[in-house]
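A short write-up of the structure that comes next.
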Amino acid sequence: MADTPERATDASGTTDAAPSPPAYTAREMMAIAAGRFIADGDVLFAGTGVAMLAATVAKRIHAPHAHIFFETGGIGPQLDELPMAVADPRVMAYADLNAGLVEAFSYVANRRLHTIAFLGAAQIDRYGNMNSTVIGDYDHPTVRFSGSGGACDAGSLASGFIVFMQHGTRKFVEKLDYLTTPGWLEGGESRRHAGYRRGGPLAVVTNLCVLRFRKDTKAMYLAERFPGVTVEEIVANTGFVLDVEGAGVAKPPTAEELRILRDDVDPQRLILG
Amino acid sequence: MADTPERATDASGTTDAAPSPPAYTAREMMAIAAGRFIADGDVLFAGTGVAMLAATVAKRIHAPHAHIFFETGGIGPQLDELPMAVADPRVMAYADLNAGLVEAFSYVANRRLHTIAFLGAAQIDRYGNMNSTVIGDYDHPTVRFSGSGGACDAGSLASGFIVFMQHGTRKFVEKLDYLTTPGWLEGGESRRHAGYRRGGPLAVVTNLCVLRFRKDTKAMYLAERFPGVTVEEIVANTGFVLDVEGAGVAKPPTAEELRILRDDVDPQRLILG
Amino acid sequence: MAERNGLEGKLMTVEQAVARFVRDGSQIAVGGFTINRNPMALVYEIARRRVRDLHLVVHSNGQALDVLVGAGCVGRLEIAYGGNGRFAPTCFRFRKAVERGEFLVEDYTNNQMTLRFLAGALGVPFIPSKSGLGTDVLAREGFPPDVRGRDGVAPHKAHLMADPFDHGEDQVALLPALTPDVALLHAQQVSTDGTVRIRGLTFADLEQCKAATTVVVTCEEIVPASFLKLEPDRNSLPPFLVDAVVPVTYGAHPTACPYFYDYDPAHLNLYKAAAKDDDQWPVYLEEWVYGVESWDAYLDKVGGAQLARIRANTVAGYAPGLDRR
Amino acid sequence: MAERNGLEGKLMTVEQAVARFVRDGSQIAVGGFTINRNPMALVYEIARRRVRDLHLVVHSNGQALDVLVGAGCVGRLEIAYGGNGRFAPTCFRFRKAVERGEFLVEDYTNNQMTLRFLAGALGVPFIPSKSGLGTDVLAREGFPPDVRGRDGVAPHKAHLMADPFDHGEDQVALLPALTPDVALLHAQQVSTDGTVRIRGLTFADLEQCKAATTVVVTCEEIVPASFLKLEPDRNSLPPFLVDAVVPVTYGAHPTACPYFYDYDPAHLNLYKAAAKDDDQWPVYLEEWVYGVESWDAYLDKVGGAQLARIRANTVAGYAPGLDRR
């Protein structure tokens, strides 16, 4: 859906009486909504794509002391240009330091840091577990994806992670074809019992809404739909029964957020499209 | 004994008809005798003291492709000046690379390298096990030494090691007060059964002689006495029954070996005394 | 600082290095990461020699992996990620080959593969990890039992155990060490005595080279030993770990070699179009790999203007303003 | 490259750093190695504050260890080597204190201690090692049962196990990870945004800092962030791992700080004479530690001519021709 950017036709979900808010695409809304989960001082494990936009916007707006790093070993780069991959030389230019994977994952796992990862996947289930390996049987897959990369590691080791997904019934599924990245596993205390000391999915940001997880059951629920999106649309695009109780409407991007995103972060529209 | 350098009064153990060999100290003989165990291409784990002299002399004479490194991470330094400790900044100057302990021990253990370590200790037993931790009971020692440092690691991981010791009955003992560095353990196949895949002591070089280990029992034997030293003297200075069968006499240092040792390696006589 | 030539016996051509060190069935660790510092000149030569049944062990690999897979060189693969970022979210030939069951695949994660190389480098048989507990990455074995426990394949993918230092409450996965036969690396500089300097991100290259039995390094330039020895803090591998040194300018093309050149977006897009298409793929292989007479011919095909476009700013390390669409 | 001041809240004095982060009973990892880059200015302040019952965790330590032991600050010690090379084959106050049973000692090896810090840095609870099998280093526990399993002391010194990937033939020792409360480090440079650059050998400093809960760094100089960011390959620790930054010129004296100054043989010999002698030792402590009013006063006591003598050649990294007898 974000590949054919959707103009938000109605941003009046908020009662703000300020001048009428600017138009924006679903992808812009995603980047900004995800960025709002970042607290100042967080240490951000970034991928490429929308995740990087979210991290960069957040750092320039409300989390100036957040630190961005890449699993490849690029720690705190300047990011004058957007990387096309986590191994892009742009993730090392004018960085705090350049290292390698051992070092980068030691930061992901570092118990004194509040590390937040941004991840994507082919499939997600109600507990935020994700698949980025295969569709079909593992031994005879119908579709092969890239595999975990660092996703399973970040899902295992970071203080928490935020997921970007396009909303659709083939992506939000009752049962994963392969569990690549651990979310809340079977919900409740199961993640802790599996041997994880921290972490788990904090939120899923889609082109339609922000989903979060109930404190007790760890099941996914609709936290905020984006302005102009209906609950019914979200439910129809989710392959499992979605808890929508108490869902609100997301605050649309401010003019300032959009200006920074468009002019400073991705002026070439490499990711915004 | 090497602290009060002993002149070798008789170097005629060899039948060489060349001009009469130069005088030398026991410490010079030790450095040169040990250096002869080094093959070209060996990777040498060096400490300070006589060990470094042995490594440096060997590299300049018959093992030009030997590589010297230090557990502190100094790999292939130029050694224009002799270090006073393995952490001396002189072990890093104009080196192949500077790293740290993780890296250095990965070279000690590297299965593709033939790594030879030079070690010393307070006590040694007939199987080349060594003590550099305590004299007396471990919980209430009468004398405390520095502890293993990297000695136990080199004894465990290197392809082999060479020991420097002053000969004496309190140093060559029937039973160690504490086993810091593994030699051949209880002899025979015991080292392999303990879990070591390679390594073990190759030779012990003292101020009197060179000792080696029998292939089957792994017990120490007298391989070569230094010129001018008697078998009786060696036996009297050894605290266990020493196998002296077939012992020969070491070739004295050549003029060239002595020139390099004295003029190039330790002109300030920091170690030669 | 005498410039003793320590490259004697090590300095060779790509053809010599591959002929000497890469055999059918060899276990190979490939340096770099997706679109950065892949040892492509070596990869092309391996493909040209029709080496078969390679056992590749990689964390995140892109271009090198995809060409080797697409040229039919791979028999077994242990891998964390087969992609090229935005140029190929999943590598094209890799994807098709797995879907067609053309070789065996064992999935790990980036951290797991890196730790496995680290274990190999440290000389320990396994290493603990807290990644992947409760996931299919640990639960599902990709290699069948009949290939396990021999030819450099671990008898198990992982071994779960309780932490003996924590009253058994904490769970960890033990992962088997990797000790590949050969590590292939493209570096910026090698000195006249065989010291290697990598600039920019090092990925798991150092662990891979320390774990391997043989290390083959292509490099952009040979520099005086005295130059690298002036700043030993910046050097990456000592001479005694390096078996073959091959100077190949642009040897990582079309992937980047930081401070020398950026990745080549034009070639990666051309590659994408070809690799996606079963009919076009043999044409690409013929045109860019099998049919290329020499490295000079390859660089002429890429073209002087394109090489100029991707030339890195020597301070930033990449080519600012490069059209990367 | 804006010089945003990222040192806000981190820049402090030695007094402030020790008061804030080092408490009675703290578990402390000390940077450097024997006579190189010991964080002596911090050590002197810890001694002056009469901090007690420190639990030191070190691989090979010399000067810092001996002063802390000699000043009665240490309650527990995990250590591989207590010496200063040819200046002290065994550290003097350390030796006497152990012989007198003044604190608890647990012996490990350099590789073992380094791997234990590495495990802490990687976030795993233990790490395997092939060192010390069949020796007393693994067989003999130095800490008694009543201090084990709490306050940062592992429940066992080591755990032997058979390699599950090798049909149980191979034996390994699992060693418990170290996660000290505080890592003390002396570095050459810290940038205005808190990045640390260590020059020369790094020992286990990086692993110690990554494993620790708090990192306190003294440094020779503060330099612009833009300067360190020009060569990020050479940097050692990112700003987000650093809690306190204290500029102290000659902060490692009498140990060396490569490229800035050599170790001070005159002071190390003076120290040796005092530390060997129970009567002279309190005099040394009073003269060089307790009674020193300020760091300026300390440097004046060392003397300008001596500081000039030990100044490092900035290319070689040490002081060539220095009289070191």
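By convention in this document, chain letters (A, B, ...) are assigned in the order of the sequence lines, proteins followed by strands, and residues within each chain are numbered from 1.
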With no hydrogens and no angle check, is any side-chain donor or acceptor of [X] less than 3.5 Å from a backbone partner on [Y]?
X: D:Lys130; Y: B:Gly195; value: yes
X: D:Asn111; Y: B:Asp153; value: no
X: D:Glu99; Y: B:Arg144; value: yes
X: B:Ser146; Y: D:Thr90; value: no
X: D:Thr135; Y: B:Pro182; value: no
X: D:Arg325; Y: B:Gln268; value: no

Report summary line: Most contact-rich option vs chain D, by heavy-atom pairs under 4.5 angstrom, among B:Leu176, B:Thr180, B:Asn131, B:Asn129, is B:Thr180
**Report entry** Top contributor to chain D contacts, counting heavy-atom pairs under 4.5 Å, from B:Leu185, B:Asp80, B:Leu97, B:Leu157
**Finding:** B:Leu157
Any side-chain heavy-atom pair of [X] and [Y] under 4.5 Å:
X: D:Asp170; Y: B:Arg197; answer: yes
X: D:Leu133; Y: B:Arg191; answer: no
X: B:Val86; Y: D:Phe33; answer: yes
X: D:Leu201; Y: B:Val91; answer: yes
X: B:Arg90; Y: D:Asp262; answer: yes
X: B:Pro89; Y: D:Tyr263; answer: yes
X: B:Ile271; Y: D:Arg86; answer: yes
X: D:His59; Y: B:Glu71; answer: no

Report summary line: Among D:Gly101, D:Ala139, D:Ala256, D:Gly200, the residue with the most heavy-atom pairs under 4.5 Å to chain B is D:Gly200
Query raised in the report: With no hydrogens and no angle check, do the side chains of B:Tyr138 and D:Asp107 hold a donor and an acceptor under 3.5 Å apart?
Result: yes
